[in-house]
Amino acid sequence: MTGVPAPEAVVETVGHELGRWTGKSVPRKEDRRLLKGQGQFVDDAWMFRQGYVHFLRSPYGHAHILSIDTSKADAMPGVFATMTGAEMAEICEPFFRIAPDPAARIEEYPLALKARFQGDAVAVVMAETRELARDAAAMIEVEYEPLPAVVDAVEAADPRSPMLHEEVGSNLAWHGLFDYGDIDWALEHCDHVVHIDRLHFHRFSSTPLECQGALVNWDPGTDQIEILSNIQFPMFATQVMGPSLGVGQDQLLWRYQDSGGGFGNKIAMYPQIAALALISRKAGRPAKWTEYRSESMLSCGMGNERTFLDIEVPVMSDGTILGFRLRAFDDAGAYLHYEPLGAVIWSQVVPGCYRFKHVRVDYTETMTNKCPTVPNRGYSRLQHLWMVERIVDTVARELDFDPIALRKLNYVQPDEYPYETPNGCVYDSGDLPQTLDKALALIDYPKALELQARVAQDQTTKRIGIGIGSTLDSGTNNFGQARIITPDLPFSGNGEAATVKLDLYGEVYCTLGTSPTGQGHETTAAQVIADVLNMSPADVRVNTGFNKEHGAYVGFSGTYASQFAVTGINAAIGAARKLRAEIFKVAAGALQCEESDIEFEAGMASYHGDAERAIPLIGIANLVYTNNAVLAPEIVDSVSLNCRYVYRPPFSLPDPETKTGNLTLTYAAQIHACVIELDEETGEVRLLDYAAVDDCGSRINPQIIEGQVHGATAHGIGAALHEAFHYSSEGQLLNASFYDYHAATALDIPTIKTDFVESPSPFSPNGAKGMGEGGGAPLATICSAIQDALGPGATLVTDTHNPSERVWRLLRTNGERGVAVISR
Ligand code: MCN
């Protein structure tokens with residue numbers, strides 16, 4: 001144990017205030033405009049004199065750029081400007097990087113100076129129309145010298161491999177040893193060691209309905225850069241782009257309304273936005289870019305691909321699993337856009353749902369000639385949690401334990417919370433055995449076993465498999481964890497801002513710092529504000545979307561890491577409470593009584609509920625805004641009716657030496673169970689039954705939570721059975737369109753049965769835990785079911801991605817099983 005203290009137990013509870021609307025499935029406020037086609041998406045944005053931008057992208061996975069000639073494009077009527085990487089490098093600084101030396105030496109500019117992946121942008125054109133910009137880009141002549149590529153993270157670590165960034169001197173993005181407890185002791189003193197040669201988490205990505213896009217205007221008069229974009233984390237982009245472009249924060253004006261999905265991918269679109277800013281300045285026009293789908297598939301960003309090698313798992317004869325030792329190789333792709341943060345993010349959930357005490361992970365992240373890795377729903381923990389579930393499942397099967405009993409034995413137990421993991425993270429609350437039981441009840445486990453036995457006797461080509469998997473959604477990051485990667489980074493803690501204002505006619509108006517991509521922030525913020533102010537959510541206007549000029553924001557503002565339910569909601573609650581205190585102050589002055597005499601209900605402040613001695617919100621607003629000569633001086637000095645609150649979770653700095661500390665505030669859990677039918681002749685897997693049980697603490701809006709569970713589960717099922725990016729050895733992406741990359745559709749997703757457990761978090765003031773990223777469980781659940789269907793002694797399911805062909809091969813593999821047990 002590291003002795004890392006748990007976050008302060010929450011002193012001030014919101015208890016009685018939150019209840020009338022919080023916890024109810026209030027219909028989503030945003031749906032009215034979205035369903036009527038009145039949402040404002042980035043492609044709807046338009047500015048006077050705007051030009052359309054097209055990026056010219058490298059057809060090679062790896063190549064020197066010997067020359068670029070833009071003259072033919074420049075000469076085309078209707079072309080406003082062109083720019084190349086070299087031109088941009090002359091007028092801006094390389095982007096700031098999270099990585100320490102030597103990867104910190106990477107010199108990345110908005111456009112490439114050398115092509116490092118197929119799709120790397122090497123030049124940009126602005127023209128009168130989108131089509132003309134694309135045609136003009138085709139006229140740019142680029143002389144490439146193709147180079148050998150490396151597309152495997154383990155191979156990339158070999159010094160003989162092709163090197164992407166010469167200035168770094170190797171392909172290493174980051175290496176670190178995470179060593180907790182005493183795994184050598186555990187391996188020596190256990191009764192069995194289960195060895196798994198290799199597990200592989202494949203490369204895929206969420207593919208949001210709306211691609212990336214931005215409209216950027218570098219105003220020559222004010223020297224301010226107005227950016228309308230669907231970026232998810234504008235304040236991170238601000239911190240990366242500002243120094244690169246040599247502009248102050250006051251010059252970067254972000255705006256954002258609706259978004260057709262992000263899933264993390266849209267965090268890392270700042271290189272394109274910086275390029276748009278520079279070409280806007282050159283052309284003296286606003287620059288508009290809407291990404292094509294194929295462009296998005298090639299270059300928007302993909303999730304972490306991770307290979308786990310030499311896994312050793314010490315197990316006692318009663319089934320207690322002591323931990324694991326392994327080597328992990330992560331594939332950062334060609335540039336470090338948010339990586340190598342993924343190298344530490346997984347350690348928020350070192351033991352998964354289990355009480356493992358001894359863990360050693362020798363972790364290496366390398367750069368390859370593939371699209372850069374970016375956060376993708378479940379970022380970095382998805383990979384680790386899948387591996388942990390594979391371990392548990394494999395131990396059960398190899399040592400003949402009941403998979404349910406083994407899980408229940410090793411789970412963190414309900415009475416052990418708050419539970420400190422071996423690396424000092426503190427799991428806040430939960431009841432995993434009950435969560436599992438509910439999932440099993442949904443699939444009617446005894447009946448599923450009967451079906452399995454019956455089908456096995458039927459002598460058909462079908463087999464039945466039953467699978468279980470789990471995921472933890474560790475929400476609300478402690479950004480201090482970045483210091484485990486680079487100790488002198490000036491980041492730690494977290495926070496979000498909100499304002500709640502009483503406006504002139506008595507309206508309640510809220511601004512948030514988040515940039516939602518479909519999570520319903522407008523609705524859930526309105527619910528909690530309505531509870532604090534004792535009114536209806538219908539009467540609370542929440543200005544959704546990000547607006548740096550008029551909204552609330554702090555350095556961490558954005559939508560990512562499943563944290564709105566904690567950071568954003570508690571900022572809104574805090575601001576609403578401040579406003580309520582001001583309303584009481586003004587009302588007490590107006591009604592000639594003490595604040596403690598005020599009752600506040602349905603927009604009316606009264607003296608102990610007396611309708612004759614009462615003042616409505618419009619009256620309070622009138623007194624403060626347009627009738628303030630009648631106010632007492634102490635009210636004039638202290639009341640604005642425009643209240644801002646910043647919620648900062650209670651975090652301290654992790655220790656970079658020992659790689660310990662509390663990295664996350666809340667831990668939502670999901671346990672899934674499924675029944676599959678596997679066809680021996682085709683390898684096809686059919687989901688017969690699927691159940692997802694979620695525990696995200698106190699629930700604000702059950703229907704929104706249900707939607708999140710459905711979405712994340714669909715993502716996981718899609719990735720488990722269909723979605724995978726394939727690269728050739730030259731770094732060519734072989735499936736860069738929806739024809740070849742099978743993004744899951746409604747036809748691929750069965751009815752998902754859901755249930756919930758509600759374990760309020762003692763660490764978040766409203767008891768909620770973020771849960772929007774919990775998409776990992778299907779990967780483990782489906783692998784577990786396939787393994788079950790393959791039967792005893794079968795080859796180990798070692799890959800997350802199991803389309804029919806792989807399953808067909810698994811059924812026919814003879815010899816090496818990929819797993820061995822040594823018993824003492
Ligand atoms: N919520 C609730 N009660 C809880 C927990 C959550 O009512 N106990 C509500 C929240 O108030 C919020 C929603 O559920 O309205 C999701 O909250 P949270 O889990 O805090 O996640 P964020 O709002 O911070 O959203 C981020 C998360 C992430 S990291 C990814 S990736 C993801 C996801 O949300 N991307 C999405 N869900 C997505 N959903 C859509 N439609 N599109 C995406 O791009």
Side-chain angles (χ1 to χ4, degrees), residues 18 21-26 28-31 34 205-210 230-233 258-267 301 303 345 374-382 428-429 473-477 494 496 512-529 537 542 544 556-573 664-670 694-716 756-761 764 766-776:
L18 297 181
W21 297 105
T22 304
K24 308 271 182 320
S25 290
V26 171
R28 285 177 19 124
K29 285 169 88 77
E30 41 279 86
D31 283 349
L34 292 175
S205 180
S206 307
T207 44
L209 202 59
E210 181 199 33
N230 53 14
I231 194 161
Q232 274 180 262
F233 195 173
D258 294 307
S259 167
F263 309 108
N265 306 10
K266 285 176 179 157
I267 287 179
I345 296 270
V374 296
N376 182 51
R377 203 170 203 170
Y379 179 36
S380 186
R381 295 145 296 162
L382 193 70
D428 46 354
S429 59
D473 193 347
S474 44
T476 305
N477 281 327
N494 198 336
E496 190 52 276
L512 300 167
T514 54
S515 41
T517 52
Q519 296 87 349
H521 292 182
E522 213 172 316
T523 307
T524 48
Q527 285 177 253
V528 296
I529 293 168
V542 179
T544 189
F556 295 114
S557 284
T559 291
Y560 56 93
S562 304
Q563 58 178 31
F564 181 74
V566 176
T567 54
I569 285 289
N570 284 300
I573 291 172
T664 309
L665 195 70
T666 64
Y667 287 84
Q670 270 187 32
D694 176 83
D695 180 356
C696 61
S698 308
R699 302 176 345 138
I700 302 161
N701 187 317
Q703 196 175 24
I704 286 181
I705 293 169
E706 174 113 358
Q708 289 293 319
V709 169
H710 275 249
T713 304
H715 260 146
F756 69 96
V757 170
E758 193 163 4
S759 316
S761 173
S764 66
N766 58 342
K769 310 173 180 191
M771 50 72 63
E773 275 187 285

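Ligands are counted one by one from 1 in listed order, and the atoms in each one are counted from 1 as well.
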Aromatic ring pairing His715/Phe263, orientation class (parallel under 30°, perpendicular over 60°, tilted between):
perpendicular
Considering the heavy atoms of [X], write down every atom of ligand 1 situated less than 4.0 Å from one of them.
| X | result |
| --- | --- |
| Gly520 | 15 (O) |
| Phe564 | 11 (O), 20 (O), 22 (P), 23 (O), 24 (O) |
| Gly262 | 43 (C), 44 (O) |
| Ala768 | 8 (N) |
| His521 | 15 (O), 22 (P), 23 (O) |
| Gly518 | 41 (N) |
| Asn701 | 2 (C), 7 (O) |
| Thr524 | 7 (O), 11 (O), 15 (O) |

Of Gln563, Glu496, Glu210, Lys769, which has the heavy atom at the shortest distance from atom 5 (C) of ligand 1?
Lys769
N/O separation below 3.5 Å, [X] to ligand 1:
| X | answer |
| --- | --- |
| Glu773 | no |
| Ile569 | no |
| Gly697 | no |
| Arg699 | no |
| Ala565 | yes |
| Met771 | yes |

Is ligand 1 under 4.0 Å from a heavy atom in the side chain of [X], in the backbone, in both, or in neither?
| X | value |
| --- | --- |
| Ala561 | backbone |
| Gln708 | side chain |
| Ile704 | side chain |
| Thr559 | side chain |
| Tyr560 | backbone |
| Ser698 | backbone |
| Ile705 | side chain |

Please report which non-hydrogen protein atom sits nearest to atom 34 (O) of ligand 1, along with the residue it belongs to and the distance in Å to one decimal place.
Gln519 NE2, 3.0 Å
Could you identify the single nearest non-hydrogen protein atom to atom 3 (N) of ligand 1 and state the distance to 0.1 Å?
Ile700 N, 3.1 Å
Answer yes or no: is there a side-chain heavy-atom contact under 4.5 Å between Glu30 and Val542?
no
According to the salt bridge (Lys or Arg N to Asp or Glu O under 4.0 Å) rule, which pairs have a member within residues 513-522, sequence neighbours left out?
Arg33-Glu522
Please check: side-chain N/O of Ser562 versus main-chain N/O of Gly475, any donor-acceptor pairing under 3.5 Å?
no
Looking only at heavy atoms of Gly261, does any of them come nearer than 4.0 Å to an atom of ligand 1?
yes
What one should report as the nearest heavy-atom pair of Gln232 and Ser515 is O-OG, 2.6 Å
In terms of heavy-atom contacts, Asn477 and Gln563 come closest through N-OE1, 3.8 Å
By salt bridge (charged side-chain N to carboxylate O under 4.0 Å, His left out), Arg699 pairs with (sequence neighbours left out) none
Modelled atom types, side-chain donor and acceptor of Ser206 and Asn376, under 3.5 Å
yes
